[in-house]
Amino acid sequence: MDYKIPRGTYDILPQQSYKWQKVIDAFRKIAAVCGYQEITTPVFEQASLFERSSGESSDVVKKEMYRFQDQKGREFALRPEGTAPVVRSYVENRLDLGGSNTKLFYIGPMFRYDRPQAGRYRQFYQYGIEFIGSDNPYFDAEVISILWNYLTGLGLRRLRLELNSVGCPQCSTAYDTALRNYFQPSLADLCPDCQLRFGQKPRRLLDCKVPSCKQIAAYAPSQLEYLDDACKVHFSAVQDNLGLMQIPFTINPRIVRGLDYYTNTAFEIVYEGLGAQNSLAGGGRYNGLIEQIGGKSIPAIGFAGGFERLLLALDEEEVELGAPGVPDVYVITLGEAAQKLVLPYLNALRGAGIYAEFDPDKASFKAQLKAADHSQARFALIVGEDEVAANQVTLKNLQSGEQQTLPLEPSDRIIQLLKA
RNA sequence: GUGGGUGUAGUUCAAUGGCAGAGCACCGGAUUGUGGUUCCGGGCGUUGUGGGUUCAACUCCCAUCACCCACCCCA
């Protein structure tokens with residue numbers, strides 16, 4: 001083998017495809033019934049779009065972005081996430097001037113230069129929702145409910161929805177100050193990573209896993225105590241709405257979104273039983289992002305989830321996603337005359353929407369019947385010398401073994417039988 | 001980016017430094033046109049790759065690549 005697939009990527013092979021189609025179709029369906037329409041953006045964008053929106057200090061931008069220059073020296077990046085491109089498109093196409101809400105969803109590959117691990121790839125596929133246009137807490141609940149209903153609808157049970165509010169930029173900076181005050185005295189005892197976090201993103205100190213840091217962080221103030229009145233009201237309204245929609249959640253004041261643009265509502269869905277990469281999806285409000293990217297000041301909220309982990313979780317929970325398609329009929333011929341007769345027949349069946357399989361390389365009758373059995377086709381359509389002579393075909397039900405003879409010409413009757 | 005583990009047939013796994021094997025899967029056959037069960041037959045695979053040690057390496061050593069696990073990050 002001379003060529004190898006790039007590290008951290010994978011092929012979706014035909015035997016796996018139907019599962020992907022199933023989860024993708026289910027997502028499209030639920031998005032549609034909530035009024036969301038699909039948007040597809042390029043897989044690469046100006047690198048600065050992500051630098052500015054995700055935050056220069058975020059790991060995603062700092063060390064995980066695939067960057068390249070094109071022939072004219074322009075700086076591009078393979079998109080590491082979906083929200084910034086959607087917002088870029090929204091602003092660029094002046095959807096912000098319409099004055100009404102915009103409901104979008106996307107599905108596509110994202111790219112991050114991470115060390116590969118179970119549930120973590122360098123090219124991975126995400127589904128996501130972006131609601132743009134209103135700060136009404138109903139929409140927080142709507143967006144979260146889409147995610148929740150999608151995942152539970154697929155059959156997942158061991159899900160946990162964790163909810164938090166990171167507040168508006170004002171309460172957020174107030175909170176950062178409070179955290180710095182809290183950690184200041186123990187600064188020297190923190191791990192090197194945390195010492196960096198102290199300066200850049202103090203709230204990251206809260207989910208450090210080093211035991212000594214954990215201990216120090218144990219009594220740190222909670223974000224929720226530093227929400228201003230408006231943010232408090234919003235947060236509790238979101239909770240009320242979720243309650244009314246009967247979506248269970250737990251408040252986790254320590255969940256922190258990795259990208260800088262989040263405000264107020266932040267949430268994450270974790271699946272118990274996936275190992276380290278157990279976060280199935282996450283999202284939140286980003287009320288300042290549209291303005292930051294050059295549009296009007298318009299509130300918005302969204303989420304993104306990864307299909308790879310979703311499929312792992314479905315596998316873990318032994319959810320059956322159906323099976324690959326099997327032929328309705330397997331066509332068996334014997335002799336040259338039969339083969340000639342059968343080609344127009346095949347075409348007619350397929351034209352009528354019937355999945356018909358045929359392999360002229362299988363010579364013997366036995367081999368063909370074996371192949372028919374192996375294909376799990378429901379029927380075998382047999383055209384041999386006898387049939388040619390008698391101007392008819394034999395239709396054999398492979399489950400029951402019953403067979404009947406029918407006129408040679410493809411008829412509605414046969415099509416009905418095969419479709420049944 | 002850091003630490004640990006693994007790498008043998010399509011696949012799951014064997015092989016005290018001494019001839020590279022088995023189950024499953026796959027293909028063919030068991031007299032003329034009837035499948036699933038059964039029986040018989042079918043495998044030289046650069047033992048991930050490249051070096052080294054040795055009379056001899058799947059086995060020991062080094063490097064490299066890939067995957068897995070954890071950290072990290074995040075979906």
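Keep in mind the model is a prediction, meaning the values are calculated, not measured. Chain letters run A, B, ... following the sequence lines, proteins first and then strands; every chain starts at 1.
Protein atom CZ of F267(A) is 16 Å distant from nucleotide atom P of C74(B), rounded to whole Å. Straight-line distance from the CZ atom of F105(A) to the C1' atom of A75(B): 18 Å, rounded to whole Å. I255(A) has its CD1 atom 13 Å from the P atom of C74(B), to the nearest Å. Here the P atom of nucleotide C74(B) and the CZ atom of R122(A) are 17 Å apart, to the nearest Å. Between the P atom of C74(B) and the CD atom of E268(A) lies a distance of 10 Å, rounded to the nearest Å. Between L13(A) atom CG and G10(B) atom C1' the separation is 12 Å, expressed in whole Å. Going from atom CD of E81(A) over to atom P of C73(B) covers 18 Å, rounded to whole Å. Atom pair F124(A):CZ and C73(B):C1' shows a separation of 11 Å (rounding to whole Å applied).
Residues A338(A) and V383(A) approach most closely at CB-O, 3.2 Å, considering heavy atoms.
Atom P of C62(B) sits at a distance of 48 Å from the matching atom of G28(B), rounded to the whole Å. To the nearest whole angstrom, the two P atoms, one in C44(B) and one in G3(B), are 42 Å apart. Here the separation of U59(B) from G52(B), taken at their P atoms, is 14 Å to the nearest Å. Across G51(B) and C65(B), the matching C1' atoms stand 14 Å from one another, rounded to whole Å. If you take atom C1' in U8(B) and the same atom in A66(B), they sit 16 Å apart, rounded to whole Å. Across the C1' atoms, G48(B) and G7(B) are found 6 Å apart, a figure rounded to whole Å. Distance check on atom P: G17(B) versus C61(B) gives 12 Å, rounded to whole Å. Nucleotides G29(B) and U47(B), compared at atom P, are 33 Å apart to the nearest Å.
Of the possible donor and acceptor atoms, one in the side chain of N164(A) sits under 3.5 Å from a partner among the backbone N and O of I255(A). Under the 3.5 Å distance criterion, the side-chain polar atoms of Q195(A) are matched with a main-chain donor or acceptor of L187(A). Within the 3.5 Å criterion, the main-chain N or O of G8(A) finds no donor-acceptor partner in the side chain of R115(A). Although no hydrogens or angles enter the test, the distance criterion places no donor-acceptor pair under 3.5 Å between the side chain of R309(A) and the main chain of R120(A).
Q292(A) and R52(A) share no side-chain donor-acceptor pair at under 3.5 Å. At a cut-off of 3.5 Å, with distance as the only test, a side-chain donor of Y125(A) or Q123(A) sits close to an acceptor on the other residue.
A tilted orientation is assigned to the rings of Y127(A) and F307(A), their planes being inclined by 30° to 60°.
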What does the list of N/O pairs under 3.5 Å between the protein and nucleotides 67-70 of chain B look like, with a distance for each?
unit_1 : atom_1 : unit_2  : atom_2 : d
C67(B) : OP1    : G8(A)   : N      : 3.0
C67(B) : OP2    : R7(A)   : NE     : 2.9
C69(B) : OP2    : A118(A) : N      : 2.6
A70(B) : OP1    : A276(A) : N      : 3.2
A70(B) : OP2    : Q117(A) : NE2    : 3.3

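Ion pairing between R28(A) and E38(A) holds under the 4.0 Å rule for side-chain N and carboxylate O. The existence of a salt bridge linking D193(A) and R204(A) is excluded, since no basic side-chain nitrogen approaches an acidic carboxylate oxygen closer than 4.0 Å.
No more than 12 heavy atoms of other residues, nucleotides or ligands shown are found within 6.0 angstrom of CD on Q246(A).
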Fill in: Pair assignment for RNA chain B - dot-bracket with | for other-strand partners, Watson-Crick or G-U under 3.5 Å
(((((((..((((....[..)))).(((((.......))))).....(((((..]....))))))))))))....
Item to complete: If a protein heavy atom is under 4.0 Å from the base, mark B; if only from the sugar-phosphate, S; if neither, -; do that for nucleotides 31-40 of chain B going 5' to 3'.
Response: --BBBB----
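When ring centroids are compared, F198(A) and F183(A) stay outside the 6.0 Å threshold.
Sequence order on RNA chain B of the closest nucleotides to A367(A) and D114(A) puts A367(A) first from the 5' end.
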